Amino acid sequence: MRDYATLGLRQEGDSAVDLRVTGVDLASPEGPTVRITGCYDSQSAQTVNVETGEVVPPGTPPRYVWDITVVQFVAEPETPWLVATLEPLTDQPC
């Protein structure tokens with residue numbers, strides 16, 4: 001959203017993300033790890049130029065997969081879970 005604002009754009013409508021855990025490895029050398037697959041759905045949203053009000057053509061398909069990995073950093077205070085990978089797979093519809 002910050003990038004949109006910088007470019008003079010805004011989103012109208014709603015986008016949704018449906019997440020599913022696809023793997024858990026609590027003994028991973030990096031720390032406890034969870035793999036997640038997400039379906040990003042922007043079919044009910046559009047990007048609009050703030051100045052002109054014109055709709056900007058989408059740069060990605062309206063529905064595609066995200067591959068996400070989160071790792072728990074047990075050495076840090078409060079053992080936070082941090083995103084290690086966040087990869088949009090725009091060639092994979094969901």
Side-chain angles (χ1 to χ4, degrees):
M1 289 302 145
R2 180 178 22 196
D3 291 343
Y4 272 19
T6 301
L7 297 171
L9 304 173
R10 73 171 182 271
Q11 177 178 307
E12 291 182 353
D14 295 321
S15 54
V17 179
D18 182 30
L19 300 173
R20 185 181 73 222
V21 173
T22 56
V24 176
D25 183 356
L26 299 178
S28 172
E30 295 83 23
T33 302
V34 177
R35 292 198 48 142
I36 302 166
T37 297
C39 176
Y40 175 74
D41 183 348
S42 65
Q43 294 180 103
S44 298
Q46 58 187 4
T47 303
V48 176
N49 182 309
V50 174
E51 238 178 70
T52 65
E54 294 177 2
V55 174
V56 176
T60 58
R63 291 175 52 91
Y64 59 90
V65 173
W66 279 86
D67 185 22
I68 306 161
T69 304
V70 293
V71 177
Q72 187 177 32
F73 287 83
V74 293
E76 296 293 322
E78 300 181 26
T79 60
W81 288 85
L82 301 174
V83 176
T85 62
L86 183 62
E87 183 177 357
L89 305 173
T90 56
D91 60 336
Q92 295 184 27
C94 52

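Note that the coordinates shown come from a computational prediction; the quantities given were computed from them, not determined experimentally.
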_Let me confirm one number: the CD-OG1 distance from Gln72 to Thr79, rounded to the nearest 0.5 Å._
4.5 Å

*asked:* Per the disulfide bond (SG atoms under 2.5 Å apart) rule, what does the pair list look like for residues 24-94, sequence neighbours excluded?
replied: Cys39-Cys94

*For the student: nearest non-hydrogen atoms of Pro77 and Pro80, plus distance*: O-CD, 3.5 Å

*Residue pair Glu30, Ser28: steps toward the side-chain hydrogen bond (donor to acceptor under 3.5 Å, both in side chains) verdict*: CA-CA 5 Å; Glu30 295 83 23; Ser28 172; 2.5 Å; yes

*In Å and rounded to the nearest 0.5 Å, what is the CD to CZ distance from Gln92 to Arg63?*
13.5 Å

*What closest approach, in Å, do Pro32 and Val74 show between heavy atoms, and which atom pair accounts for it?*
CD-CG1, 4.1 Å

_Straight-line distance of Thr69 OG1 to Leu82 CG, nearest 0.5 Å_ = 12.5 Å

*Could you go through the side-chain hydrogen bond (donor to acceptor under 3.5 Å, both in side chains) check for Ser15 and Ser42 one step at a time?*
CA-CA 4 Å; Ser15 54; Ser42 65; over 6 Å; no

*Full working for side-chain hydrogen bond (donor to acceptor under 3.5 Å, both in side chains) between Asp41 and Gln43*: CA-CA 6 Å; Asp41 183 348; Gln43 294 180 103; 3.2 Å; yes

*Remaining members of the apolar cluster that contains Val50, side-chain heavy atoms under 4.5 Å*: none

_Which heavy atom of Gln46 sits nearest to which heavy atom of Val55, and what is that distance?_
OE1-CG2, 3.5 Å

_Closest heavy-atom pair and its distance - Ala84, Val71_ = CB-CG2, 3.9 Å

*If you measure from CG on Leu9 to CD on Glu54, what distance do you get to the nearest 0.5 Å?*
11.5 Å

*Any idea which heavy atoms bring Asn49 and Val56 closest together, and the distance?*
N-CG2, 4.0 Å

_Positive for side-chain hydrogen bond (donor to acceptor under 3.5 Å, both in side chains) with Arg35, one of Asp25, Thr22, Asp67_ = Asp67

*May I ask you to list the residues sharing a hydrophobic cluster with Trp66, side-chain cutoff 4.5 Å, ordered by chain and number?*
Val17, Leu19, Val21, Val24, Leu26, Val34, Ile36, Tyr40, Tyr64, Ile68, Val70, Trp81, Val83, Leu86

